[in-house]
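Working notes for the structure below.
All residue numbers refer to positions in the sequence shown, counting from 1. Side chains are part of it too, since the values below use all heavy atoms of this structure and drop only hydrogens, waters and symmetry mates. It should be emphasised that the depicted structure is a prediction, and the values quoted were computed from it without experimental measurement.
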Amino acid sequence: MSSFTTTDGTRLFYKDWGTGQPILFAHGWPLSSDAWDQQMLFFSQNGYRVIAHDRRSHGRSDQTFEGNNMDQYADDLAELIEALDLHDLVLVGHSTGGGEVAHYIGRHGTARIAKVVLVGAVPPLMLQTDANPAGTPLSVFDGIRQGTAKNRSQFFFDLTVPFYGFNRDGVESNDGLRENFRRIGLQGGIKGQYDCIHEFSEIDYTQDLRRIDKPTLIIHGDDDQIVPIEASAHRAADIVPNATLKIYASGSHGLAETEADRFNADVLAFIGG
């Protein structure tokens, strides 16, 4: 486990394991690289070099007061990719990390990229607008802001229920997974996590998606209660040239953890194909 310092003096934590073609994982809010544990183990055991970082103000990275915005997240990612001199890279982004991956490509291009995987990703736009009627109302994001600001520990724990679909009939709750989500979330800084809510909810990534010119796999659960599929994956698949959309029936927002075997196999097949 390592860290590097960005040009603005922020120390970012990352993991870099194994050898082979590199895969870089970008995590969702309010989590860290630890959310990718099952993927890091699986792909490193299957001949790949796996890298995952903690976004600034998340996990073990520095808790910055300023700069908690998608432009900076994308530039941080570019600095990490350049520092490690990664080429032929597979970029995998979950939720907010999907926005980070898309915005990285929008700002820095695809010269170092081989393939892209977006899972439960926020692009093109989560917010409900006249042009995006299937989006989520602003009041929902205001509620997330209030929960984060006023009672972060309980809010994160409660959020795990819709996040993993534990409120659905026939879905057994997993207390360890819920506690781990809260543990990871509380490692991050409240200011940066609060700022990030705007970045995953109100930023339009349409133009970034149009710049993705590499093979792209979009995976989304049709019962995602956090990033509803109609405003995200269905639209993204229409925007990204030659994207492949794979829908998990009854899949939750956290399907990379709850359905890790299937997810890992699908991504492996896509990378190796």
Side-chain angles (χ1 to χ4, degrees), residues 3-14 16 22-29 31-33 36 51-59 61-62 64-127 132 192-193 195-218 227 231-233 235-243:
S3 66
F4 84 106
T5 302
T6 65
T7 53
D8 76 343
T10 300
R11 185 190 61 84
L12 297 183
F13 173 94
Y14 69 96
D16 183 0
I23 308 173
L24 194 155
F25 298 91
H27 63 80
W29 181 94
L31 302 173
S32 77
S33 57
W36 293 112
I51 303 107
H53 66 300
D54 293 359
R55 189 175 301 116
R56 62 173 59 213
S57 293
H58 295 68
S61 292
D62 281 351
T64 52
F65 187 77
E66 302 291 350
N68 303 301
N69 59 73
M70 196 56 75
D71 285 351
Q72 187 64 63
Y73 302 154
D75 292 348
D76 289 346
L77 184 59
E79 287 196 44
L80 175 60
I81 290 170
E82 291 165 11
L84 298 179
D85 195 25
L86 302 177
H87 295 272
D88 195 30
L89 174 64
V90 178
L91 275 178
V92 182
H94 173 240
S95 196
T96 302
E100 183 178 352
V101 164
H103 204 51
Y104 163 82
I105 291 172
R107 287 172 71 83
H108 299 279
T110 59
R112 293 176 178 266
I113 309 305
K115 293 184 177 181
V116 177
V117 179
L118 302 176
V119 52
V122 300
L125 174 64
M126 281 196 72
L127 183 67
N132 188 39
Q193 290 176 341
D195 291 349
C196 187
I197 296 165
H198 175 272
E199 304 307 302
F200 70 66
S201 63
E202 297 181 53
I203 302 299
D204 189 334
Y205 298 100
T206 301
Q207 296 307 315
D208 297 320
L209 293 176
R210 287 181 173 141
R211 292 202 63 191
I212 300 177
D213 57 1
K214 301 294 183 178
T216 301
L217 175 64
I218 299 173
V227 181
S232 54
R235 293 189 62 207
D238 288 337
I239 296 169
V240 177
N242 300 315

- [ ] Would you give the length of the straight line joining atom CD1 of Ile218 to atom CG of Leu118, rounded to the nearest 0.5 angstrom?
- [x] 5.5 Å
- [ ] Enter the distance from Ile239:CD1 to Arg210:CZ here, rounded to the nearest 0.5 Å.
- [x] 6.0 Å
Open item on the list: For a quick test of reading the model, state the closest non-hydrogen atom pair linking Ala231 to Asn132 and the distance between them.
Closed with: CB-OD1, 4.0 Å
- [ ] Drop me the distance from Tyr73's OH to Cys196's SG, to the nearest 0.5 angstrom.
- [x] 3.5 Å
Task: From CA spacing to verdict: side-chain contact (heavy atoms from CB on, under 4.5 Å), Thr216, Val117 - done: CA-CA 6 Å; Thr216 301; Val117 179; over 6 Å; no
Task: For Glu66, salt bridge (charged side-chain N to carboxylate O under 4.0 Å, His left out) partners two or more places apart - done: none
TODO: Can you sort out the partners of Arg107 under salt bridge (charged side-chain N to carboxylate O under 4.0 Å, His left out), two or more places apart, ordered by chain and number?
DONE: Asp71, Asp75
Open item on the list: Can you confirm whether the side chains of Gln72 and Asp76 place a donor and an acceptor under 3.5 Å from each other?
Closed with: yes
- [ ] Using the test salt bridge (charged side-chain N to carboxylate O under 4.0 Å, His left out), find all partners of Asp208 that sit at least two apart in sequence or belong to another chain.
- [x] none
Task: Rounded distance (nearest 0.5 Å) linking atom CG of Asp195 with atom CG of Asn69 - done: 8.5 Å
- [ ] Locate the shortest heavy-atom distance separating Pro215 from Ala114; write the atom from each residue and the value.
- [x] CD-O, 3.5 Å
- [ ] Provide the full list of salt bridge (Lys or Arg N to Asp or Glu O under 4.0 Å) pairs with a residue in residues 77-92, sequence neighbours left out, each pair given once.
- [x] Asp85-Arg112
Open item on the list: Tyr205 vs His103, test: side-chain contact (heavy atoms from CB on, under 4.5 Å). Steps then yes/no.
Closed with: CA-CA 7 Å; Tyr205 298 100; His103 204 51; 4.2 Å; yes
TODO: Please report the C-alpha distance between His58 and His27 in whole Å, then the side-chain angles of each, then the deciding distance to 0.1 Å, and finally whether the ring pair (Phe, Tyr, Trp, His ring centres under 6.0 Å) criterion is met.
DONE: CA-CA 10 Å; His58 295 68; His27 63 80; 5.5 Å; yes
TODO: Check Ala121 against Gly93 and note the closest heavy-atom contact, atom names and distance.
DONE: CB-O, 4.4 Å
Open item on the list: Looking at every non-hydrogen atom in both residues, tell me the closest pair between Pro123 and Ala236 and how far apart they are.
Closed with: O-CB, 3.9 Å
Task: Heavy-atom pair with the smallest gap, counting every atom of Asp62 and Gly9 - done: OD2-O, 4.1 Å
Task: Flag side-chain contact, heavy atom, 4.5 Å: Val101 against Val92 - done: no
Open item on the list: I need the Leu91 CG to Leu77 CG distance, nearest 0.5 Å.
Closed with: 6.0 Å
Open item on the list: For the CG atom of Leu80 and the CG atom of Leu12, what is their distance to the nearest 0.5 Å?
Closed with: 7.5 Å
Open item on the list: Restricting to salt bridge (charged side-chain N to carboxylate O under 4.0 Å, His left out), what partner residues turn up for Asp8, sequence neighbours left out?
Closed with: Arg56
TODO: Would you check if the side chain of Ser61 reaches a backbone N or O of Phe13 as a donor-acceptor pair within less than 3.5 Å?
DONE: yes
- [ ] Check the side chains of Arg55 and Asn68 for a donor-acceptor pair under 3.5 angstrom, ignoring hydrogens and angles.
- [x] no
Task: Step-by-step side-chain contact (heavy atoms from CB on, under 4.5 Å) determination, Ser95 to Trp29 - done: CA-CA 7 Å; Ser95 196; Trp29 181 94; 5.8 Å; no
Task: Over all atoms of both residues, closest heavy-atom pair of Ser201 and Leu125 - done: O-CD1, 3.8 Å
Open item on the list: Can you see whether Thr10 engages Thr64 through a side-chain donor-acceptor pair at a distance of less than 3.5 angstrom?
Closed with: no
TODO: Return the set of residues passing ring-ring contact (aromatic ring centres under 6.0 Å, His included) with Phe25 (not counting sequence neighbours), or none when no residue passes.
DONE: Trp36
Open item on the list: Between His53 and Glu100, is the side-chain contact (heavy atoms from CB on, under 4.5 Å) condition met? List the steps.
Closed with: CA-CA 12 Å; His53 66 300; Glu100 183 178 352; 2.9 Å; yes
